[in-house]
Participant: 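Right, I'll just put the structure down here and ask away after.
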There are 2 protein chains.
Amino acid sequence: MDKPSLRDVARRAGVGTTTVSRVLNQHPNISDTTRARVTAAIEQLGYVPDVGARHFRLGRTHAVSALLPMIGTPFYETLLTALHGPLEAQGYDLALFPLLGSQRVRRFRDASALAYRADALLIVSQHPDELYGGPPPFRGPTVLLDAQHPTYHSVSFDNHSAGRLAAEYALGRRLPIVFLDGADAPGAPGSPVFVARRAGIVQTLGRHGIRPVLTVSVLPEQEGLRLAAQQIAARRPPGPFLLLAMTDDLALGVRQHLHDSGGLRLGEDYLLLGFDGSAAAAAAGLSSVVQPVQAMGEAAASVLLEALRGELNTLVQRQFSPTLREDRSTALQADPQQHPT
Amino acid sequence: MDKPSLRDVARRAGVGTTTVSRVLNQHPNISDTTRARVTAAIEQLGYVPDVGARHFRLGRTHAVSALLPMIGTPFYETLLTALHGPLEAQGYDLALFPLLGSQRVRRFRDASALAYRADALLIVSQHPDELYGGPPPFRGPTVLLDAQHPTYHSVSFDNHSAGRLAAEYALGRRLPIVFLDGADAPGAPGSPVFVARRAGIVQTLGRHGIRPVLTVSVLPEQEGLRLAAQQIAARRPPGPFLLLAMTDDLALGVRQHLHDSGGLRLGEDYLLLGFDGSAAAAAAGLSSVVQPVQAMGEAAASVLLEALRGELNTLVQRQFSPTLREDRSTALQADPQQHPT
DNA sequence: TTGAAAGCGATACCAA
DNA sequence: TTGGTATCGCTTTCAA
């Protein structure tokens, strides 16, 4: 026999197919002796239930598909890990469909795409309107993660208020502020995340009548970082200042160069505040505006599960707020000459 | 009608189900008028074929599953993009199943896992024996990518000869060799990739009776890099030397520190050779031992497709060889005092 | 506690 | 060129 079916098992065990199905699905009303006979038959034949057939019959796949940009950052790793746990606990399997190459989006407009053979859909860091020209090809529950849209459930992060938080913290230190902005690659549209973050910073400073004493834009490259550090070292204010960087990577990269070529000492010559709460930042003692990535993943899972249970008859738009993780990099070292406290 | 089936379409168009099926599958023997009627009915009902049912009936899913370690490097991005193209061209869809968290491996031992509802399986950077305790739960064609096993088809890279190639190149330059090795994180088993690469280097040097004048092991951290650079600057041989680094990242990181704190000039004081052929290396003019990642992805796709067509009755173990991409970092600048040419 | 039979939605054989 | 019908493997009434 090529691939034994439930029927083969039934024949072998001398029972009906119903009984075998019940054994497989742990139904209560089965006598122990029958169960044993069936189990033995399963064993002997090496029977494995056909999941596709079960899926077909029940109309449910127990699958959740996630559409996401090609993955290269710890952000997605944390997010997906947090997401996966609760889903798995409820018997759902998670499959990933990265948007490989820009042209491949076409694939996701096809309703017969594998990604849509699922009970629910998660769209990560993408806007449905851009992804789909017209109506979405998937009919089931859909949740946006790290993105927002008026007609979809969403779990996202408030980047604007993250910018505000950073700016307010910076203002509180009462030091001149140097702003290390991330430049967009030429031609790139500028990530909405950075746009909001930047707006939050600039608007908040502006509302307090403050402008950075110096703003440096930098492409995230080796050479760019070095040049930025040179500029900062040359044009910095006379006393200590607070360097507000748009990302942790920028902050850490520039810190290196400020030290090596500029001789600037963190904690004495300047304070440093980053963005993202990356592991690298934590390891380096960098204060940072933290996005609760794990909590967002868990929230997405919970929205997804609710929707799958059909308990969601209202639109859920959950937006997470930033927190600020203070660390060594914003601690001014005792320096009796200028700062008695 | 909730979700129209093929039967509804047939009734609506006043034809048999067979005819509708034929229209859907572009069968030739359909009159234009019938086709038009059916198409109209499909349109009117908003009918979308049930892929799950088709899958059930045909016994094929048109899906390929890839099991891979959680993704954080451009390596996998290139690999998967190269892989995806040919598969898609043949009508196969690719779904990714990252091994999220170490415990989640359990999930992949379950034959009913979503990942196995596919026509073929690709196991990336994993050894089946470690992944599965016993027999694999998937019965269809299986291909290993970036890994090897005696009983599976595989597409992999010859790390040992990559090490040899680097060593031979280094020997050819006839300069003292400083070896910048990557240290394994404490407790980690040491990636087989690095083990082979290192062995290739050391054995080749040894065969020529050469030992590095200095070997420095470094954890890939900011602090580690700086310390390594200090050591190199302090203990380097008197004249120019060749610095052989285990990865591009290590090479580029140390170059920075050698320049900033040691004042060593690349191309005059030392030459630098890296490993991996990363984009960063190319951008920085770093010579590097290159792994043909894209070609490997394409090769995996082709093996997969052959297997799917049932044309593979012999074991395929394809191992790719490294090439060396020479760039500025191994060009010794004209220095009349020592090197007239 | 057990089983016979209907049916999920598509495809394909065989006839017409 | 078309259509009736069996069939894929499973779950689920309904009856016994």
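The figures that follow rest on heavy atoms only: side chains count, while hydrogens, waters and symmetry mates do not. Chain letters run A, B, ... following the sequence lines, proteins first, then strands; residues in each count from 1. Remember, predicted model here, so these are calculated numbers, not experimental data.
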Participant: Between atom CG in A:Asn29 and atom C1' in D:dC14, what is the gap in whole Å?
Facilitator: 15 Å
Participant: Just jot down the side chain to side chain donor-acceptor pair (under 3.5 Å) partners of B:Thr314, sequence neighbours excluded, or say none.
Facilitator: none
Participant: Using the test side chain to side chain donor-acceptor pair (under 3.5 Å), find all partners of B:His149 that sit at least two apart in sequence or belong to another chain.
Facilitator: B:Asp129, B:Thr151
Participant: Apply side chain to side chain contact (heavy atoms under 4.5 Å, CB included) to A:Glu306 and list each qualifying residue two or more places apart in sequence or on a separate chain.
Facilitator: A:Ser302, A:Arg309, A:Glu311, A:Leu312
Participant: Among all residues two or more places apart in sequence or in another chain, which pass the side chain to side chain donor-acceptor pair (under 3.5 Å) test with A:Arg12?
Facilitator: A:Gln44
Participant: Identify every side-chain donor-acceptor pair in residues 111-127 of chain B under 3.5 Å, counting partners at least two apart or on other chains, and give the distances.
Facilitator:
| unit_1 | atom_1 | unit_2 | atom_2 | d |
| --- | --- | --- | --- | --- |
| B:Ser112 | OG | B:Asp110 | OD1 | 2.9 |
| B:Ser112 | OG | B:Asp110 | OD2 | 3.2 |
| B:Tyr116 | OH | B:Phe108 | O | 2.5 |
| B:Tyr116 | OH | B:Tyr132 | OH | 2.9 |
| B:Arg117 | NH2 | A:Thr61 | O | 3.3 |
| B:Asp119 | OD1 | B:Thr61 | N | 2.8 |
| B:Asp119 | OD1 | B:Thr61 | OG1 | 3.0 |
| B:Asp119 | OD2 | B:Thr61 | N | 3.3 |
| B:Asp119 | OD2 | B:His62 | N | 2.7 |
| B:Ser125 | OG | B:Tyr76 | OH | 2.7 |
| B:Ser125 | OG | B:Asp146 | OD2 | 2.6 |
| B:His127 | NE2 | B:Gln148 | O | 3.2 |

Participant: Would you kindly give the CZ-to-P distance between A:Arg11 and D:dG9, to the nearest whole Å?
Facilitator: 11 Å
Participant: Expressed as a whole number of angstroms, how long is the span from A:His55:NE2 to D:dC10:C1'?
Facilitator: 12 Å
Participant: Just how large is the angle between the end axes of the helix from C:dT1-D:dA16 to C:dA16-D:dT1, five pairs per end, to 10 degrees?
Facilitator: 40°
Participant: Whether B:Thr19 contacts D:dG3 is assessed here as follows: a side-chain N or O lying under 4.0 Å from the phosphate OP1 or OP2. Is that the case?
Facilitator: yes
Participant: Within the 4.0 Å limit for protein heavy atoms, which parts of nucleotides 9-16 of chain C are touched? Write it as a string from 5' to 3', B for base, S for sugar-phosphate only, - for none.
Facilitator: BBBBB---
Participant: Will you find, in the side chains of A:Ser31 and A:Thr33, an N or O donor that is under 3.5 Å from an N or O acceptor?
Facilitator: yes
Participant: Identify each donor-acceptor pair in which a side-chain atom of residues 49-57 of chain B lies under 3.5 Å from a protein atom, sequence neighbours left out, and give them as a table.
Facilitator:
| unit_1 | atom_1 | unit_2 | atom_2 | d |
| --- | --- | --- | --- | --- |
| B:Asp50 | OD1 | B:Gly52 | N | 2.8 |
| B:Asp50 | OD1 | B:Ala53 | N | 2.8 |
| B:Asp50 | OD2 | B:Lys3 | NZ | 3.3 |

Participant: Just to verify, what does A:Glu298 make a salt bridge (Lys or Arg N to Asp or Glu O under 4.0 Å) with, not counting sequence neighbours?
Facilitator: none
